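Quick notes on the structure that follows.
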Amino acid sequence: MSQNPTKHTKVLIIGSGPAGYTAAVYAARAMLNPILVYGSEPGGQLTTTTDVENFPGFADVIQGPWLMDQMKEQAKAVGTEMIEDHISSVNLKITPFEAVGDTGQKYTADSIIISTGAQARWLNIKSEQEFRGFGVSACATCDGFFFKDKEVAVVGGGNAAVEEAMFLTKFASKVKLIHRRDTLRAEKMLQKKLMENKKIEIIWDTVVEDVIGDKDPKNVKGIKVKNVKTSKTDEIKLDGIFIAIGHDPATQLFKDQLSMDKEGYLITKPDSTETNVPGVYAAGDVKDKTFRQAVTAAGMGCMAALEAEKFLSH
């Protein structure tokens, strides 16, 4: 098979989703002819979210996959070249930067915007995946609203789990925090607030073994749990379950080339998307473990494109 010649671009955007697509829209409108390379999950985490009620500009509920399609079409319409390929290696030590895809295609770029996102960690039980979006969620700020006056559980023991549990008490009538150990990892101030909240019950030393629910219409009815110390199993009646055991940013590719924190999130300069390599920018959940919203990711995508444009013009 003949090898495609190297593709050169002023701006290479790696990863889709709100950050990548928005960066593409801004870069294309700045006449930079960006190339956006998307992997096997175009649109990222939003494509597994059904109802989106918090993206500005839509008074009616919209669907996550639809929103991502619209962003993709918009980026294309203004002049982004979209390529389905999985970038398997990058070299950021030379300029122009180099990237190689699984297809063998080589890309060179004067600047790179990284928007490879993150994935929520799941418990990886079959029933959990079956009910994803039907009572099983990994984002309280996205889905808490749908559980008004209902009973829910949060699985986890770190800051995220405690914050999600607290947030859910605004809507749910009862929140059970399920943790596999007998102490929380969350910071002390948060733990104190949690313990003082009458709506929250903590279930220690416990793991979730199964999600129970109806098949038609699909909805969660409860969970099967097991105490790790006594091995006793129990069923808890619930309307929803939130998995809050952390996220994994998709940054393997940049190990030893870009600065990242101990969890693997890319580090950028304050009020900027610039990484420690000039000309390389990071936007969205790949660098943001605080907000993780579609609108903040889109905002960072815009910032990255504007910063890349400025970098290229010098």
Side-chain angles (χ1 to χ4, degrees), residues 1-48 64-65 67-120 247-258 260 264-266 273 275 277 279-287 297 300-301 304-305 308 311-312:
M1 119 183 187
S2 68
Q3 185 54 53
N4 289 343
T6 297
K7 276 184 175 291
H8 180 73
T9 178
K10 292 190 188 87
V11 184
L12 177 65
I13 300 165
I14 305 174
S16 48
Y21 289 148
T22 306
V25 168
Y26 274 81
R29 288 178 52 99
M31 298 301 165
L32 297 173
N33 307 322
I35 290 176
L36 184 149
V37 179
Y38 60 94
S40 54
E41 269 186 49
Q45 295 180 85
L46 262 198
T47 54
T48 60
L67 181 61
M68 289 303 91
D69 276 346
Q70 290 294 306
M71 284 195 190
K72 182 180 184 179
E73 291 310 312
Q74 183 179 10
K76 260 191 192 157
V78 290
T80 304
E81 185 182 349
M82 299 267 176
I83 299 172
E84 183 175 358
D85 193 358
H86 180 264
I87 300 290
S88 48
S89 70
V90 292
N91 186 348
L92 306 177
K93 295 184 166 70
I94 52 168
T95 48
F97 305 117
E98 279 180 7
V100 181
D102 280 350
T103 57
Q105 175 69 56
K106 191 170 168 189
Y107 307 87
T108 57
D110 300 322
S111 69
I112 292 182
I113 294 172
I114 299 163
S115 49
T116 46
Q119 265 111 18
H247 284 73
D248 295 311
T251 53
Q252 264 316 102
L253 195 54
F254 311 105
K255 278 254 183 306
D256 307 322
Q257 297 195 67
L258 292 176
M260 37 183 96
Y265 288 87
L266 295 178
T273 63
T275 64
V277 175
V280 178
Y281 305 91
D285 284 18
V286 76
K287 66 134 287 182
M300 278 181 257
F311 170 81
L312 295 167

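The shown structure was predicted, so the numbers you read here are calculated from the model rather than taken from an experiment. As a basis for the values below, the full set of heavy atoms in this structure was taken, side chains included, without hydrogen atoms, waters or symmetry mates.
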Notebook entry, point to check: Is the closest side-chain heavy-atom distance between Pro42 and Thr47 below 4.5 Å?
Noted result: no
Note to self: Do Glu81 and Asn33 make a side-chain contact, defined as non-hydrogen atoms from C-beta onward lying under 4.5 Å apart?
What the structure shows: no
Note to self: To check you understand the geometry: which heavy-atom pair defines the closest contact between Ala23 and Ala305, and what is its length?
What the structure shows: O-CB, 3.4 Å
Margin query: Between Asn91 and Gln257, is there a side-chain heavy-atom distance shorter than 4.5 Å?
Written below: yes
Next item on the list: Could you tell me which non-hydrogen atom of Ala304 sits nearest to which non-hydrogen atom of Ala283, and how far apart they are?
Entry: CB-CB, 4.3 Å
Notebook entry, point to check: Is a side-chain donor or acceptor of Thr116 paired with a backbone partner of Ala250 at a separation under 3.5 angstrom?
Noted result: yes
Margin query: Do Glu41 and Ser16 make a side-chain contact, defined as non-hydrogen atoms from C-beta onward lying under 4.5 Å apart?
Written below: no
Notebook entry, point to check: Any side-chain heavy-atom pair from Tyr21 and Met82 closer than 4.5 angstrom?
Noted result: yes
Margin query: Taking the side chain as everything from C-beta on, heavy atoms only, tell me whether Leu266 gets closer than 4.5 Å to Pro249.
Written below: no
Check: Heavy atoms, side chains only, cut-off 4.5 Å: are Phe97 and Leu12 in contact?
Finding: no
Notebook entry, point to check: Does a side-chain heavy-atom distance below 4.5 Å link Thr251 with Ile114?
Noted result: no
Check: Does atom OH of Tyr265 have more than 12 heavy-atom neighbours, drawn from other residues, nucleotides or ligands, at distances under 6.0 Å?
Finding: yes
Check: Which pair of non-hydrogen atoms, one from Ala308 and one from Ser111, has the smallest distance, and what is that distance?
Finding: CB-OG, 3.9 Å
Item checked: Closest non-hydrogen atom pair between Met71 and Thr22, with its separation -> SD-OG1, 4.3 Å
Next item on the list: Would you sort out whether Val11 and Leu312 count as a side chain to side chain contact (heavy atoms under 4.5 Å, CB included), showing the intermediate values?
Entry: CA-CA 9 Å; Val11 184; Leu312 295 167; 3.8 Å; yes
Notebook entry, point to check: Got a donor-acceptor contact below 3.5 angstrom from the Ser115 side chain to the Gly15 backbone?
Noted result: yes
Check: Is Asp85 reaching over with its side chain to a backbone N or O of Val37, donor-acceptor style, under 3.5 angstrom?
Finding: no
Item checked: Backbone of Ala109 reached by a side-chain donor or acceptor of Glu98 within 3.5 Å -> no
Item checked: Separation of Leu92 CG from Leu253 CG (nearest 0.5 Å) -> 8.0 Å
Margin query: Strictly distance-based, threshold 3.5 Å: is any side-chain N or O of Thr275 a donor or acceptor partner for the main-chain N or O of Val280?
Written below: yes
Next item on the list: Only one of Ile83, Val100, Ile112, Val90 passes side chain to side chain contact (heavy atoms under 4.5 Å, CB included) with Tyr107; say which it is.
Entry: Ile83
Checklist line | Backbone of Thr108 reached by a side-chain donor or acceptor of His8 within 3.5 Å | finding: yes
